[in-house]
2 protein chains.
Amino acid sequence: MNPRAGQTKKRTRIQALNEAKILEAALDIFATFGFRGTTIDQIAQKAEMSKPNLLYYFRRKEDIYISVLERTLETWLTPLTELNPEGDPIEEIGKYTSLKLQMSENDPTASRLFANEILHGAPMIEHVLKGSLKSLVDEKAVVIQKWIDDGKLTDVDPYHLIFMIWASTQHYADFKIQMRAILGEEVDQPDYFEKAGKTISTIFFEGLKPRA
Amino acid sequence: MNPRAGQTKKRTRIQALNEAKILEAALDIFATFGFRGTTIDQIAQKAEMSKPNLLYYFRRKEDIYISVLERTLETWLTPLTELNPEGDPIEEIGKYTSLKLQMSENDPTASRLFANEILHGAPMIEHVLKGSLKSLVDEKAVVIQKWIDDGKLTDVDPYHLIFMIWASTQHYADFKIQMRAILGEEVDQPDYFEKAGKTISTIFFEGLKPRA
DNA sequence: CGTTAATTTGACCAAATGGTCAGGAATTAG
DNA sequence: CTAATTCCTGACCATTTGGTCAAATTAACG
């Protein structure tokens, strides 16, 4: 029986294996070439199977793309979840920023996949952005505002602060090619991201105006 | 004679007009759909001419794309050029940041065009990134380092500072759809970018740690 | 082992798309 | 006004690509 039909039947061993292979391959290709820039053949080749066989597991190209997006989204939202209202503001924001930067270092494809999707108008995940993402951000914005009201943080707009954290950290995944063009192979050294983290946190916490 | 041939002949009136129409239309389409996601038909339709006629002015799709990129690049590099070594550091960086943010507001397509190109590996403009962009950034990094050595700025890595300015400001063009999903139509109000600018400059200059 | 269900594939199709071309229409130069 | 040149178009082509299908192969199960 065709695995795409009713999901009442349990997944077989081969099915689980091949679906995993496909999604892994697809993440890489989609992140590099975008949805339209990716061909099913490319994914099939990278997943080491024939195109018809791949289409046996995912009936349409779009199905693969959506699966990859959904799978990655979860990982993507987790760090913000962990922003702890009870913790020390500076420490919490520091942890969050550093976690996001780590993700740009270790899993840049995920970041690029989203950047692509959003640049193209987020046709597939608009509902997620307006749903779980919005809820989560709204919730954390309240937390940050409370910290500000308590005088523990400089007065800034919580939403724009979150955007700025995303921007600064994801930039290291999405625009790495530009950075490499400017700085050369240094960007591939292990201490590059360390330096990035230091700069980002210094600016976020201390600011550019020298403190007395 | 075909306008694509030797450029010795001067451009005719119609030629100039139609080339402009094509490039304007192409910027929009390329910025939204990327190179591979864009079809010649789309551009032709937006430019209000037939596909063969469009191809009369630009022999290949790639030619249009490169023209659009080159044309936009110039505008793109200008603001950094104006960072004045003699000026006050805080003021200069403030002006630069605010200029970049304004560009994200008034001409988001340009930003998205580059984001797309870089995300996809910058196949067409790698030489520019490694050439004029790198030179310019190297030059300005020296200026910033001098300011730091003079004790006029907190000690941060100049390159990463520049990256962070790019990230924070361009984010408002490239990820506007995400922002709209979270904040709603507010992002299209005139005071939205004002608030963004305020947040960005507060963080850059003051930092999140409250000053005594 | 034998039967049933799951998996894989080569061959194939239709639509989309980048690009060509011969010739007709409009414009410009003299 | 006329000839040369530029501009424009419909028809067309080759390739790419998403997707189908019948049939062969392999794995699972009793």
Side-chain angles (χ1 to χ4, degrees), chain A residues 1-26 28-30 32-69 120 123-124, chain B residues 1-26 28-30 32-69 120 123-124:
Chain A
M1 193 195 180
N2 191 308
R4 318 162 210 144
Q7 291 295 351
T8 44
K9 299 275 166 89
K10 53 186 175 272
R11 288 158 46 110
T12 69
R13 182 180 58 87
I14 296 179
Q15 202 177 128
L17 184 107
N18 279 344
E19 280 179 10
K21 265 171 73 174
I22 292 170
L23 291 177
E24 192 192 350
D28 236 52
I29 311 280
F30 278 132
T32 309
F33 301 102
F35 179 72
R36 289 209 44 187
T38 294
T39 70
I40 301 182
D41 279 299
Q42 276 178 298
I43 302 176
Q45 199 178 343
K46 181 142 196 166
E48 293 174 301
M49 66 181 69
S50 67
K51 179 169 72 162
N53 197 22
L54 183 151
L55 285 165
Y56 171 72
Y57 293 100
F58 294 88
R59 194 167 8 327
R60 301 185 308 149
K61 182 183 173 185
E62 207 181 288
D63 294 343
I64 315 173
Y65 186 65
I66 291 177
S67 285
V68 170
L69 271 178
H120 291 41
M124 311 280 188
Chain B
M1 193 198 181
N2 191 307
R4 318 162 209 143
Q7 292 295 353
T8 43
K9 299 273 165 95
K10 54 187 173 271
R11 288 157 45 108
T12 69
R13 183 180 58 87
I14 297 180
Q15 200 177 131
L17 183 107
N18 280 343
E19 280 179 9
K21 266 171 72 174
I22 292 170
L23 291 177
E24 191 191 351
D28 236 52
I29 310 280
F30 278 132
T32 309
F33 302 102
F35 179 71
R36 290 210 43 188
T38 294
T39 70
I40 301 182
D41 279 298
Q42 277 177 298
I43 302 175
Q45 198 177 343
K46 181 142 196 165
E48 293 174 301
M49 67 181 69
S50 67
K51 181 169 73 163
N53 195 22
L54 184 151
L55 285 165
Y56 171 71
Y57 292 101
F58 294 87
R59 192 165 11 326
R60 300 184 309 147
K61 183 183 171 184
E62 207 180 289
D63 294 343
I64 314 174
Y65 187 65
I66 291 177
S67 285
V68 170
L69 272 178
H120 291 44
M124 311 278 188

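Predicted model only: the values in this text are computed from it and were never measured. Below, chains carry the letters A, B, ... as their sequence lines are ordered, and counting in each starts from 1.
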Checklist outcome for this item: Per atom distances to the B:Thr12 side chain, the nearest of C:dT17, C:dT7, D:dC7 is D:dC7
Checklist entry - Taking the side chain of A:Arg13 as its heavy atoms from C-beta onward, which of D:dT9, D:dA28, D:dT20 lies nearest to it? => result D:dA28
Checklist outcome for this item: In short, A:Phe58 meets A:Leu23 closest at the heavy-atom pair CZ-CD2, 3.9 Å
Checklist outcome for this item: From CZ of A:Arg36 across to P of D:dT16 the rounded distance in Å is 16 Å
Checklist entry - So which nucleotide from C:dT7, C:dT27, C:dT17 ends up closest to the side chain of B:Ile14? => result C:dT27
Next on the checklist: Rounded to whole Å, please give me the gap between CD in B:Glu48 and P in D:dC7.
Outcome noted: 18 Å
Checklist entry - Which atoms form the tightest heavy-atom contact between B:Phe35 and B:Lys61, and what is the distance? => result O-NZ, 3.0 Å
Next on the checklist: Is there a side-chain contact between A:Met49 and A:Ile22 in this structure, where contact means two heavy atoms from C-beta onward sitting under 4.5 Å apart?
Outcome noted: yes
Checklist entry - Whole-Å distance between C:dG19 C1' and B:Arg60 CZ? => result 11 Å
Checklist outcome for this item: Ranking D:dC8, C:dT27, C:dT17 by distance to the side chain of B:Asn53, first place goes to D:dC8
Next on the checklist: Heavy atoms from C-beta onward define the side chain here; which of C:dG18, C:dT7, C:dT20 lies closest to that of B:Thr39?
Outcome noted: C:dG18
Checklist entry - In terms of side-chain heavy atoms of B:Pro52, which of D:dA11, C:dT8, D:dC7 is nearest? => result D:dA11
Checklist entry - Do the non-hydrogen side-chain atoms of A:Ile64 and A:Leu54 ever get within less than 4.5 Å of each other? => result yes
Next on the checklist: Return whichever of B:Lys51 or A:Asn18 has its heavy-atom-nearest nucleotide of DNA chain C closer to the 5' end.
Outcome noted: A:Asn18
Next on the checklist: Between B:Lys61 and A:Met49, which residue's closest nucleotide on DNA chain C lies nearer the 5′ terminus?
Outcome noted: A:Met49
Next on the checklist: Measure CG/A:Leu55 against C1'/C:dC13 and give the value in whole Å, please.
Outcome noted: 14 Å
Checklist outcome for this item: Taken to the nearest whole Å, CG/B:Leu17 to C1'/C:dT27 is 14 Å
Checklist entry - Rounding to a whole Å, what distance do you find between A:Tyr56:OH and D:dT26:C1'? => result 11 Å
Item to check | Contact under 4.0 Å: B:Tyr57 side-chain N or O vs D:dC8 OP1/OP2 | outcome: yes
Next on the checklist: Just the rounded figure in Å: distance from C1' of C:dG18 to CD1 of B:Ile29.
Outcome noted: 16 Å
Checklist entry - Would one find a side-chain N or O of B:Ser50 under 4.0 angstrom from OP1 or OP2 of D:dC8? => result no
Item to check | Euclidean distance, atom CG of residue B:Asp41 to atom C1' of D:dT9 [Å, nearest integer] | outcome: 14 Å
Next on the checklist: Is the ring pair B:Tyr65/B:Phe30 parallel, tilted or perpendicular, if the boundaries are 30 and 60 degrees?
Outcome noted: perpendicular
